[in-house]
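What follows is a single structure, written as structure tokens, with notes after it.
Numbers restart at 1 for each chain; the letters A, B, ... are given by sequence-line order, proteins then strands.
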There are 2 protein chains.
Amino acid sequence: MNSLSEILTLDSNAKTKEFKRGEIIQREGTSNSFAFYVKKGLLRSYTIDEKGKEHIFLFASEGWLIADFESQEFERPTDLFIDCLEDSKVVVFNRECFKVAALSDEQLRKNAHLMARRIAVLQKRVIMLMSASAKDRYNKFLETYPELPNRIPQRMIASYLGITPQALSSIRRNVLKSRQFS
Amino acid sequence: MNSLSEILTLDSNAKTKEFKRGEIIQREGTSNSFAFYVKKGLLRSYTIDEKGKEHIFLFASEGWLIADFESQEFERPTDLFIDCLEDSKVVVFNRECFKVAALSDEQLRKNAHLMARRIAVLQKRVIMLMSASAKDRYNKFLETYPELPNRIPQRMIASYLGITPQALSSIRRNVLKSRQFS
DNA sequence: TTGATTTATTAATGTAGATGAATGCGATTA
DNA sequence: TAATCGCATTCATCTACATTAATAAATCAA
């Protein structure tokens, strides 16, 4: 599931593009947003609030899909920026491709797993955000995405967790301290 | 979209059941969880954390579907309780019904809309939880679900928002106070 | 109706995490 | 070779919200 070959059949016209680290490939307010499948590299989606603060919604490394489903399902301009945290190879689908009405049965079926998986991930994230402390969320993040911390600066992990870099720094310090005594 | 007729075709064997207010129709730890479509009444799903505190994940009134997608997609026992906040009429689907392999093309298509909509809602919820204050989340809740506050006790709204009843009470007091001067 | 149980509110106090500022440390560019 | 920039860390202070406790109102059970 979620393999490249599965995805590619969704849209035979989809093209693989290469982007450089730091490139913004989708901006907030865009009304025909795309969906991006990551072949290589690392992308993120995020919002910027009225105070100018970034909130990272999702990281997408190899094999993941990144898109603004809210925007696509309700045909609204997107709230999400998407940019590259590493030089990346990305398959670009146009928005029609993920609108239910436009899809063939075959395409839908392949799509269904991706969507169910995304719902599961989001469900878990909401419950974590509501019920767990920043420290617990950080530990869960390390468990769930053990390879990501090597590729992502701390401040972005903090942003994903919904805390400041300072708060994450002090959590890490306390973890180290408590490890010394055990 | 999301109409009863659409849903019912998903599983012609699905049965409508009636439940009383207060009935728990799914418990945490259950390994074959169900999906519930609300014909009438009001349901909620929630977790209970290790301190015994409830965290409401989702309300479902007429026309909504409630289920633990995480459990179903990954075939794990559910973390979610589901119970009735009002006497309700509910269509009960067994978990197989939402597993992709078991669905006809027709069923899949109807399912896809429901899933896309759910992703959109969850995406919005995550972003709100990360970036908005309790007061802003409350106002957004009132905007998005204007009819719910009449049917749900405050403490459950608080739980949905991720705050305590006391905090919600003081938010409401401040809103009233500021309205007096405008 | 009465007593018991839940609910909303208020207030006092505590705390996780935000904010703002200072420091040192690679990394990039000149 | 600096000189500049972004990043992580530390510290002092502040604040949004939690916790605890008390009270009154509303709901439910007998």
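Side-chain atoms of A:Asp136 never come within 3.5 Å of backbone atoms of A:Ala132 as a donor-acceptor pair (strictly under, hydrogens ignored).
In the helix from C:dT1-D:dA30 to C:dA30-D:dT1, the end axes, each obtained as the rotation axis mapping the C1' atoms of four pairs onto the next four within a five-pair block, lie 50° apart to the nearest 10 degrees.
Partners of B:Asp79 according to the side-chain contact (heavy atoms from CB on, under 4.5 Å) rule, which considers only residues two or more places apart in sequence or in another chain, are B:Thr47, B:Glu70.
Smallest separation of non-hydrogen atoms from B:Phe57 and A:Met130: CA-CE, 4.2 Å.
By the 6.0 Å and 45° rule, B:Arg117 stacks over the aromatic ring of B:Trp64. Seen from the ring of B:Tyr160, B:Arg125 counts as a face-on cation partner, given the 6.0 Å and 45° thresholds.
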Nucleotide by nucleotide, 5' to 3', does protein get under 4.0 Å of the base (B), only the sugar-phosphate (S), or neither (-) in nucleotides 8-22 of chain C, counting heavy atoms? SSB------SSBBB-
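To the nearest 0.5 Å, atoms CD (B:Glu62) and CG (B:Leu42) are separated by 7.5 Å.
Between B:Leu161 atom CG and D:dA16 atom C1' there is a gap of 15 Å when expressed in whole angstrom units. The interatomic distance linking A:Glu54 (CD) with D:dC7 (C1') rounds to 14 Å, in whole Å.
At a threshold of 4.0 Å, the pair A:Lys20-A:Glu23 does not count as salt-bridged, since none of the basic side-chain nitrogens sits closer than that to a carboxylate oxygen.
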Yes or no on side chain to side chain donor-acceptor pair (under 3.5 Å) for B:Thr16 and B:Lys39, after CA distance, side-chain angles and deciding distance? CA-CA 9 Å; B:Thr16 297; B:Lys39 287 172 83 170; 3.3 Å; yes
